[in-house]
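One-based numbering, in listed order, for ligands and for the atoms of each.
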Amino acid sequence: MANNVVLLGAQWGDEGKGKIVDLLTERADAVARFQGGHNAGHTLVIGGQKTVLHLIPSGAMRPGVDCLIGNGVVVNIEQLLKEIDNLKSMDIEIENRLMLSMACPIILPHHIALDLAREKAKGKKAIGTTGRGIGPCYEDKVARRGLRLGDLFNAKLFAEKLREVMDYHNHALVQYFKQQAVDYQQTLDSIMPLVERLRPMIGDVSERIYNLRQNNKSVMFEGAQGMLLDVDHGTYPYVTSSNTVAAAAAIGTGIGPLELDHVLGVVKAYTTRVGSGPFPTELFDEVGQWLGEKGHEFGATTGRPRRCGWLDAVALKRTRQVSGLNALCVTKLDVMDGLEVVKICTSYQYKGESITLPPYGADALGECTPVYETMPGWKEVTAGVRDYESLPTNAKKYLGRISELIGLPIDIVSTGAERDDTMVLKHPFINQG
Ligand code: GDP
Ligand code: IMO
Ligand code: MG
């Protein structure tokens with residue numbers, strides 16, 4: 001039975017989505033990205049070799065798998081070609097199986113300049129963006145002045161639209177932010193020579209996915225970021241500028257919502273966050289530091305240290321609700337090996353009341369105090385364990401409690417960065433429907 005499976009980050013990103021997409025794609029025909037851009041950093045480790053993908057879907061390492069970039073993704077052309085060339089240097093041919101939607105917004109140099117200028121102007125209130133121009137590019141899309149991949153094929157019109165939009169933004173950059181203007185001619189000259197190479201890769205992703213479905217093929221929809229970074233449902237304004245929830249998979253590729261068969265939420269066994277914004281279960285003690293060191297918690301895109309804390313079942317309940325999750329995949333269980341006790345946040349204290357769903361927005365969430373349930377940890381090593389029954393009893397109890405609190409089965413457990421350090425109890429491409 002062919003399936004369309006959506007895989008999402010259930011927390012603040014970096015849950016290990018890339019690893020799981022790569023693994024599950026052994027049974028898929030295509031992988032599609034549907035939102036975000038190269039703010040994402042998805043790490044794959046195969047046979048000891050590490051690859052970090054930012055824009056190219058994590059099906060790249062599976063030779064027969066098509067890689068699709070839907071209209072919801074904002075594309076930095078130079079980054080795209082850099083990643084393609086990098087894969088080529090590893091003998092991975094991607095150009096002939098990569099398709100980008102002609103409706104993808106293009107990230108331009110002024111978007112990056114604006115992203116950086118805004119962050120600088122915000123000072124202490126900065127969002128801590130990746131500085132990749134993601135927010136300003138989405139703004140241009142919604143403001144209906146953005147340039148899209150399809151625009152590249154009419155050089156004259158492209159040049160005209162580019163001048164107009166750059167005049168507009170350079171005004172803000174110079175007059176309001178007191179920064180340097182971005183040079184129009186230089187921008188145009190850096191893009192136009194790349195068009196011929198891009199041309200064969202740009203197409204109709206909506207039609208492609210529709211046809212795959214008609215032919216009983218399976219597609220993996222690869223989320224970027226995580227639910228709590230969703231522009232509507234996350235910790236606004238400390239969010240990214242796209243929707244990261246399951247429904248975005250339909251809009252961001254151009255298929256109907258009922259074509260999505262299964263939604264898998266990827267959850268780190270604890271919680272991390274990069275950038276600013278509220279994080280109720282954040283740890284400022286040696287346990288937090290320990291998780292960061294043992295879990296190598298540094299951003300795959302910017303190298304910034306990730307903030308670490310306990311698992312937050314309150315936030316995960318919201319993820320389950322807004323994305324209609326069917327099952328969970330728990331990653332990085334091994335990082336918790338050796339802890340005396342493990343904790344799960346089961347409710348928040350907010351304005352003198354106990355609540356079990358997070359309030360909307362950063363201000364309210366910032367006023368929430370976590371209430372924990374404490375469980376004994378495990379001394380045994382789970383790192384590299386590939387058989388569920390071999391897990392320590394207390395690790396199984398921890399997983400069982402997570403499943404119980406969120407009300408979802410845990411179909412996959414990951415115990416290491418390596419592709420095969422994974423227990424697939426139920427494979428989304430075989431067992432559904
Ligand atoms: P993504 O953005 O969700 O794809 O996640 P990242 O790649 O940014 O961050 C996840 C990090 O954890 C990467 O360095 C992975 O190699 C690593 N990783 C993934 N799963 C596991 C696991 O189960 N155990 C350990 N120790 N590391 C893991
Ligand atoms: P993956 O796909 C973790 C965070 C940034 C910042 C906020 C807004 O690897 O899980 P942006 O540049 O998007 O405007 O930044 O979002 N952020 C991520 N955090 N993982 C990511 O992607 C992220 N992409 C953006 O740190 O707080
Ligand atoms: Mg990441």
Out of [options], who gets a non-hydrogen atom closest to [atom]?
| atom | options | answer |
| --- | --- | --- |
| atom 17 (N) of ligand 2 | Leu229, Val74, Thr129, Asn39 | Leu229 |
| atom 9 (O) of ligand 1 | Gln11, Arg306, Lys268 | Arg306 |
| atom 27 (N) of ligand 1 | Lys332, His296, Lys294, Glu418 | Lys332 |

Taking the basic N atoms (NZ, or NE/NH1/NH2) and the acidic carboxylate oxygens, is any pair closer than 4.0 Å for [X] and [Y]?
| X | Y | answer |
| --- | --- | --- |
| Arg132 | Asp115 | no |
| Glu297 | Arg307 | no |
| Glu26 | Arg419 | no |
| Asp14 | Arg306 | yes |
| Glu418 | Lys50 | no |
| Asp421 | Lys19 | no |
| Glu282 | Arg273 | no |

Near [X], which atoms of ligand 2 are under 4.0 Å from a heavy atom of that residue?
| X | answer |
| --- | --- |
| Gly128 | 5 (C), 6 (C), 26 (O), 27 (O) |
| Trp12 | 3 (C), 19 (N) |
| Ala40 | 1 (P), 2 (O), 9 (O), 22 (O) |
| Ala224 | 2 (O) |
| Arg304 | 5 (C), 26 (O) |
| Val239 | 7 (C), 8 (C) |
| Gly41 | 1 (P), 9 (O) |
| Gly275 | 27 (O) |

Check ligand 1 against [X] and write out every atom of the ligand that is under 4.0 Å from a heavy-atom position of the residue.
| X | value |
| --- | --- |
| Val335 | 26 (N) |
| Thr415 | 23 (O), 24 (N) |
| Ala300 | 8 (O) |
| Ser414 | 20 (N), 21 (C), 22 (C), 23 (O) |
| Gly18 | 4 (O) |

* Asked: Between Thr331 and Glu15, do the side chains contain an N or O donor and an N or O acceptor separated by less than 3.5 Å?
  -> no
* Are Asn243 and Asp230 close enough that a side-chain donor and a side-chain acceptor fall under 3.5 Å? -> yes
* Asked: Counting only heavy atoms not in Tyr388, do more than 12 fall under 6.0 Å of its OH?
  -> yes
* Taking both backbone and side-chain atoms into account, decide whether Ala224 has an N/O/S atom under 2.8 Å from the Mg ion (ligand 3). => no
Taking N or O atoms only and a 3.5 Å limit, does [X] qualify as a polar contact for ligand 1?
| X | answer |
| --- | --- |
| Leu333 | no |
| Lys19 | no |
| Gly16 | yes |

* To do: Indicate the ring-plane relationship of Tyr372 and Trp310, choosing parallel, tilted or perpendicular according to the 30° and 60° boundaries.
  => perpendicular
* Asked: Between Phe34 and Phe221, how do the two ring planes meet: parallel, tilted or perpendicular, split at 30° and 60°?
  -> tilted
* Step-by-step side chain to side chain contact (heavy atoms under 4.5 Å, CB included) determination, Val74 to Ile134 -> CA-CA 7 Å; Val74 285; Ile134 306 292; 4.0 Å; yes
Taking the non-hydrogen atoms of [X], is any one of them nearer than 4.0 angstrom to ligand 2?
| X | result |
| --- | --- |
| Arg273 | no |
| Gln225 | yes |
| Thr302 | no |
| Lys17 | yes |
| Ala300 | no |

* Asked: Side chains of Leu23 and Val424: closer than 4.5 Å at any heavy-atom pair?
  -> yes
* Are any of the N/O atoms in Thr130 less than 3.5 Å from those in ligand 2? -> yes
* May I ask you to check if ligand 2 and Glu15 share an N or O to N or O distance below 3.5 Å? => no
* In Asp14, the N, O or S atom nearest to the Mg ion (ligand 3) is which? -> OD1
* To do: With heavy atoms under 4.0 Å as the rule, classify the contact between Arg132 and ligand 2 as side chain, backbone, both or neither.
  => neither
